[in-house]
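Keep in mind the model is a prediction, meaning the values are calculated, not measured.
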Amino acid sequence: MHMCNRYSLTAELSDLTEHFRIDRVHVPYLMRYNIAPTQQVPIIQQIGGERCLNQHRWGLMPYWGKNSINANVDTLADRRYLRSMLTKKRCVVPCSGFYIWKIEGKKKSAWRVVHRTKPTFAMPGIYDVWLDSERNEYPMCTVVTRGSAFGTDHPLPLVLDEEAMELWLDPKETRIEVLQSMLQALADADFRTYPVTPYVENTSWETPDCIEEVHPSMALYKI
């Protein structure tokens, strides 16, 4: 079920650059209503003295583990390849809300999770750059999570506040224990959920309908 992970980024570019204090935009930006693993996603990284909006593939490859789109904060420092990304390759993945699926008996329902006070919030990400045989670079990222969301098996993303984001994007900070304890100390985000159309499960469904609240009975479908 983890691979069903989806999220949206529906901020206007002007709001995004202002809210996250982005100095330079390196990629074309589009609002997205149903972002899925393996797609290119907008990320924020520090390059020199500037905060830049770039894009990475969501999901690490080659697939070292079953779950390449999330990394659990509790086991982050246990895996060598994740440790090296944690020390040197950190980014922020902006998110306006993510989707979860609740299963009760033979029925499944789709829900969107949003932050009560932040229309778009900062998820901590770590990334790697995969080189193909021609030495072309393919940056790819994974999102740092903790526990699970609202009684489902969907991982719950951590949310960085402004101070945590400064530290996370600071390339001079390479101490694993400092980064790890900052992540561990983050308060649980103030999320709320509401039912949405089951069509969000279909990755080709990419319209504002994805984020519209529906009556709970409309969110249900048989599995």
Side-chain angles (χ1 to χ4, degrees), residues 5 7-9 11 13 15-27 29 35 37 40-60 67-98 113-130 139-147 149 155-191:
N5 254 349
Y7 72 99
S8 59
L9 178 56
L13 183 58
D15 292 339
L16 195 65
T17 52
E18 185 182 344
H19 179 62
F20 292 101
R21 303 204 308 278
I22 295 165
D23 302 302
R24 197 178 285 268
V25 176
H26 285 296
V27 286
Y29 175 78
I35 296 171
Q40 292 291 319
V41 303
I43 60 104
I44 300 161
Q45 61 190 146
Q46 190 80 21
I47 301 177
E50 292 185 315
R51 256 186 210 181
C52 303
L53 189 70
N54 267 332
Q55 58 184 16
H56 285 181
R57 174 192 191 275
W58 183 25
L60 301 174
N67 191 355
S68 64
I69 58 174
N70 303 120
N72 188 299
V73 65
D74 297 326
T75 53
L76 203 52
D78 302 347
R79 302 194 182 156
R80 206 169 65 225
Y81 70 94
L82 291 179
R83 280 173 76 96
S84 72
M85 286 154 61
L86 179 59
T87 54
K88 297 192 190 66
K89 296 175 180 155
R90 299 186 300 275
C91 62
V92 163
V93 182
C95 173
S96 304
F98 60 97
V113 183
V114 293
H115 199 285
R116 284 184 199 276
T117 58
K118 300 176 182 189
T120 299
F121 52 91
M123 304 190 294
I126 54 176
Y127 68 92
D128 203 358
V129 181
W130 188 66
M140 53 198 181
C141 68
T142 186
V143 170
V144 182
T145 58
R146 171 202 287 152
L156 194 62
L158 293 175
V159 175
L160 297 169
D161 56 32
E162 201 126 328
E163 198 181 333
M165 188 157 126
E166 287 284 336
L167 178 73
W168 189 249
L169 287 177
D170 181 359
K172 293 192 285 294
E173 183 54 81
T174 57
R175 293 168 297 175
I176 283 186
E177 55 289 351
V178 171
L179 294 157
Q180 188 79 345
S181 61
M182 180 276 284
L183 290 175
Q184 296 282 13
L186 287 172
D188 284 341
D190 189 7
F191 286 131

Identify every side-chain donor-acceptor pair in residues 116-125 under 3.5 Å, counting partners at least two apart or on other chains, and give the distances.
residue, atom, partner, partner atom, Å
Arg116, NE, Asp190, OD1, 3.1
Thr117, OG1, His115, ND1, 3.3
Thr120, OG1, Ser96, OG, 3.0

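- The main-chain N or O of Ala77 is found under 3.5 Å from a side-chain atom of Arg83 such that the two form a donor-acceptor pair.
- Heavy-atom minimum distance, Ile44 versus Pro94: CD1-CG, 4.1 Å.
- A donor-acceptor contact shorter than 3.5 Å is absent between the side chain of Thr87 and the backbone of Thr174.
- One N or O on the side chain of Ser8 and one on the backbone of Gly97 form a donor-acceptor pair closer than 3.5 Å.
- A distance of 12.5 Å separates CD in Gln55 from SG in Cys91, rounded to the nearest 0.5 Å.
- Every residue meeting the side chain to side chain contact (heavy atoms under 4.5 Å, CB included) condition with Val25, not counting sequence neighbours, appears here in chain and number order: Leu13, Thr17, Ile22, Leu53.
- Annotation: salt bridge (charged side-chain N to carboxylate O under 4.0 Å, His left out) contacts of Lys88 (sequence neighbours excluded): none.
- Tyr29 and Ala11 make their closest contact through OH-O, 2.6 Å (heavy atoms, listed as atom of the first residue, atom of the second, distance).
- In this structure, Arg79 contributes its side chain and Leu76 its backbone to no donor-acceptor pair below 3.5 Å.
- Every side-chain hydrogen bond (donor to acceptor under 3.5 Å, both in side chains) that Glu173 has, sequence neighbours left out, goes to Arg175.
- Closest heavy-atom contact between Pro37 and Trp58: N-CE3, 3.4 Å.
- Every residue meeting the salt bridge (charged side-chain N to carboxylate O under 4.0 Å, His left out) condition with Asp188, not counting sequence neighbours, appears here in chain and number order: Arg146.
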inquiry  = The test is side-chain contact (heavy atoms from CB on, under 4.5 Å); show your working for Trp130 and Arg57 and say whether it passes.
reply    = CA-CA 10 Å; Trp130 188 66; Arg57 174 192 191 275; over 6 Å; no
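- With a 4.5 Å cut-off on side-chain heavy atoms, Arg90 and Leu169 do not count as touching.
- Under the salt bridge (charged side-chain N to carboxylate O under 4.0 Å, His left out) criterion, the residue pairs touching residues 41-55 are Arg24-Glu50, Arg51-Glu166, with sequence neighbours excluded.
- Remark: Val114 pairs with Arg112, Arg192, Tyr194 by the side chain to side chain contact (heavy atoms under 4.5 Å, CB included) rule, at least two apart or across chains.
- The SG atom of Cys141 lies 6.5 Å from the CD1 atom of Ile43; values are rounded to the nearest 0.5 Å.
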message = Between Val41 and Tyr7, does the side-chain contact (heavy atoms from CB on, under 4.5 Å) criterion hold? Intermediate values first, please.
response = CA-CA 10 Å; Val41 303; Tyr7 72 99; 3.2 Å; yes
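- The shortest distance between side-chain heavy atoms of Leu60 and Leu82 falls below 4.5 Å.
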Kindly list each side-chain donor-acceptor pair under 3.5 angstrom involving residues 156-165, sequence neighbours excluded, with atom names and distances?
residue, atom, partner, partner atom, Å
Asp161, OD1, Glu163, N, 3.3
Asp161, OD1, Ala164, N, 2.8
Glu162, OE2, Arg21, NH1, 2.7

request  = List the steps, then state whether side-chain contact (heavy atoms from CB on, under 4.5 Å) holds for Lys89 with Ile126.
outcome  = CA-CA 6 Å; Lys89 296 175 180 155; Ile126 54 176; 5.8 Å; no
Give the table of side-chain donor-acceptor pairs shorter than 3.5 Å for residues 177-185, with sequence neighbours excluded, one pair per line with atom names and distance.
residue, atom, partner, partner atom, Å
Gln180, NE2, Val73, O, 3.0
Ser181, OG, Glu177, O, 2.9
Ser181, OG, Val178, O, 3.2
Gln184, NE2, Asp74, OD1, 3.4

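- Evaluation of the ring pair (Phe, Tyr, Trp, His ring centres under 6.0 Å) rule for Trp168 yields no partner, not counting sequence neighbours.
- With a 4.5 Å cut-off on side-chain heavy atoms, Asn5 and Pro155 count as touching.
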